Novice: 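Quick one: the structure is below, questions incoming.
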Amino acid sequence: MISTNKQIISDFTQYLDAKEAFLDAYIDSGSDHELFIASYIHGHFSVIAANLMHAIQAPENKSAGQAQWQQQTKYMLSQSIDIAIGNSELLGTDAQDVINMRNSLFVNDGA
């Protein structure tokens with residue numbers, strides 16, 4: 001069954017909410033360092049999510065499926081963080097910890 005654009009938007013919103021919940025979980029259960037890392041990623045994620053929610057509603061994107069939007073989320077977040085690290089926004093173990101947490105954010109997404 002082919003999903004309607006409204007269904008794709010709904011599913012994608014749930015996907016983004018799950019990613020946000022993953023990051024928010026560090027508020028209650030993480031160390032100060034994990035909270036810092038999650039907050040850093042969350043800042044990048046919020047910008048990406050807002051841009052993608054706008055893009056998914058554009059008529060020219062109505063044929064894109066859920067998997068494509070999930071891949072785009074991972075790609076854009078990875079690019080944003082990689083550029084920031086490349087610009088020395090984070091160094092050393094902080095940079096590596098951000099990369100590790102970012103990667104764990106997408107571990108259950110499949111291929």
Side-chain angles (χ1 to χ4, degrees):
M1 182 172 123
I2 297 176
S3 296
T4 66
N5 194 39
K6 287 183 182 180
Q7 185 62 49
I8 290 172
I9 291 170
S10 176
D11 291 347
F12 186 59
T13 299
Q14 289 177 6
Y15 171 80
L16 293 176
D17 288 347
K19 298 305 177 191
E20 188 169 27
F22 174 91
L23 296 170
D24 289 348
Y26 288 96
I27 293 170
D28 293 326
S29 65
S31 67
D32 288 346
H33 182 68
E34 289 172 324
L35 179 58
F36 165 73
I37 298 301
S39 296
Y40 182 85
I41 294 170
H42 198 282
H44 286 266
F45 177 80
S46 293
V47 172
I48 300 302
N51 287 332
L52 287 173
M53 285 306 299
H54 186 267
I56 198 172
Q57 297 176 48
E60 63 270 19
N61 293 327
K62 70 179 182 178
S63 64
Q66 181 68 15
Q68 290 169 296
W69 290 111
Q70 290 178 3
Q71 289 173 336
Q72 190 65 17
T73 303
K74 182 178 180 179
Y75 173 78
M76 289 177 70
L77 185 61
S78 294
Q79 290 291 56
S80 181
I81 289 172
D82 290 348
I83 289 168
I85 290 171
N87 289 333
S88 300
E89 218 173 87
L90 292 172
L91 301 171
T93 58
D94 286 343
Q96 189 58 54
D97 290 344
V98 164
I99 290 168
N100 292 341
M101 188 180 288
R102 177 200 63 201
N103 292 344
S104 68
L105 182 64
F106 298 104
V107 76
N108 292 322
D109 283 6

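Bear in mind the structure is a predicted one, so any value in this text is a computation, not a measurement. We're numbering straight along the sequence, starting at 1.
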Novice: Is any side-chain heavy atom of Ile37 closer than 4.5 Å to one of Asn100?
Specialist: no
Novice: Considering non-hydrogen atoms only, spot the tightest contact between Tyr26 and Leu35 and give its length.
Specialist: O-CD1, 4.0 Å
Novice: May I ask whether Ile48 and Phe106 are part of the same hydrophobic cluster, defined by side-chain heavy atoms of I, L, V, M, F, W, Y residues being less than 4.5 angstrom apart, directly or through others?
Specialist: yes
Novice: Please check this pair: side chain of Gln14 against backbone of Asp11, looking for a donor-acceptor N/O pair closer than 3.5 Å.
Specialist: no
Novice: Treating Thr73 as the side-chain partner and Trp69 as the backbone partner, does any N or O pair qualify as donor plus acceptor under 3.5 Å?
Specialist: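 Yes; judged by distance alone, with no hydrogens or angles, the pair exists.
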Novice: In Å, rounded to the nearest 0.5 Å, how long is the span from CD of Gln70 to OH of Tyr15?
Specialist: 4.5 Å
Novice: A side-chain contact here means heavy atoms from C-beta on lying under 4.5 Å apart; do Asp94 and Tyr40 qualify?
Specialist: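 No; the side chains remain at least 4.5 Å from each other.
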Novice: Name all residues meeting the side chain to side chain contact (heavy atoms under 4.5 Å, CB included) criterion together with Ser104; count only those two or more places apart in sequence or in a different chain, and write none if there are none.
Specialist: Phe22, Met101
Novice: Can you see which heavy atom on Asp97 is nearest to which on His33, and at what distance?
Specialist: OD2-NE2, 2.6 Å
Novice: Taking only residues at least two apart or on different chains, which pairs with a member in residues 47-59 satisfy side-chain hydrogen bond (donor to acceptor under 3.5 Å, both in side chains)?
Specialist: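 Pairs touching residues 47-59 that pass the test: none.
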Novice: Return the set of residues passing side-chain hydrogen bond (donor to acceptor under 3.5 Å, both in side chains) with Ser46 (not counting sequence neighbours), or none when no residue passes.
Specialist: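 Here the qualifying residues are His42.
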Novice: Enter the distance from Ser78:OG to Ile99:CD1 here, rounded to the nearest 0.5 Å.
Specialist: 9.5 Å
Novice: Go through Lys6 and Ile9 one step at a time and tell me if the side-chain contact (heavy atoms from CB on, under 4.5 Å) criterion holds.
Specialist: CA-CA 5 Å; Lys6 287 183 182 180; Ile9 291 170; 5.7 Å; no
Novice: Test side-chain contact (heavy atoms from CB on, under 4.5 Å) on Lys19 and Asp109 and set out the steps.
Specialist: CA-CA 11 Å; Lys19 298 305 177 191; Asp109 283 6; 2.9 Å; yes
Novice: Restricting to non-hydrogen atoms, name the atom on His44 and the atom on Ala84 that form the minimum distance, rounded to 0.1 Å.
Specialist: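 Minimum heavy-atom contact is CE1-CB, 3.8 Å.
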Novice: Compare every heavy atom of Gln68 with every heavy atom of Gly65, then report the nearest pair and how far apart it is.
Specialist: N-OE1, 2.6 Å
Novice: Shared ILVMFWY cluster between Leu23 and Met53, side chains joined below 4.5 angstrom?
Specialist: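 Yes, Leu23 connects to Met53 through the hydrophobic network.
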Novice: Starting at CD1 of Ile81, measure out to CG of Leu90 and round the result to the nearest 0.5 Å.
Specialist: 9.0 Å
Novice: Ignoring hydrogens and geometry, is there a side-chain-to-backbone donor-acceptor pair from Ser80 to Met76 under 3.5 Å?
Specialist: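 No, Ser80 side chain to Met76 backbone: no donor-acceptor pair under 3.5 Å.
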Novice: Is there a path of hydrophobic side-chain contacts, each under 4.5 Å between heavy atoms of I, L, V, M, F, W or Y residues, that connects Leu105 with Val47?
Specialist: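 No.
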Novice: Is there a path of hydrophobic side-chain contacts, each under 4.5 Å between heavy atoms of I, L, V, M, F, W or Y residues, that connects Tyr75 with Ile83?
Specialist: no
Novice: When rounded to the nearest 0.5 angstrom, what distance separates CG in Asn5 from NZ in Lys62?
Specialist: 8.0 Å
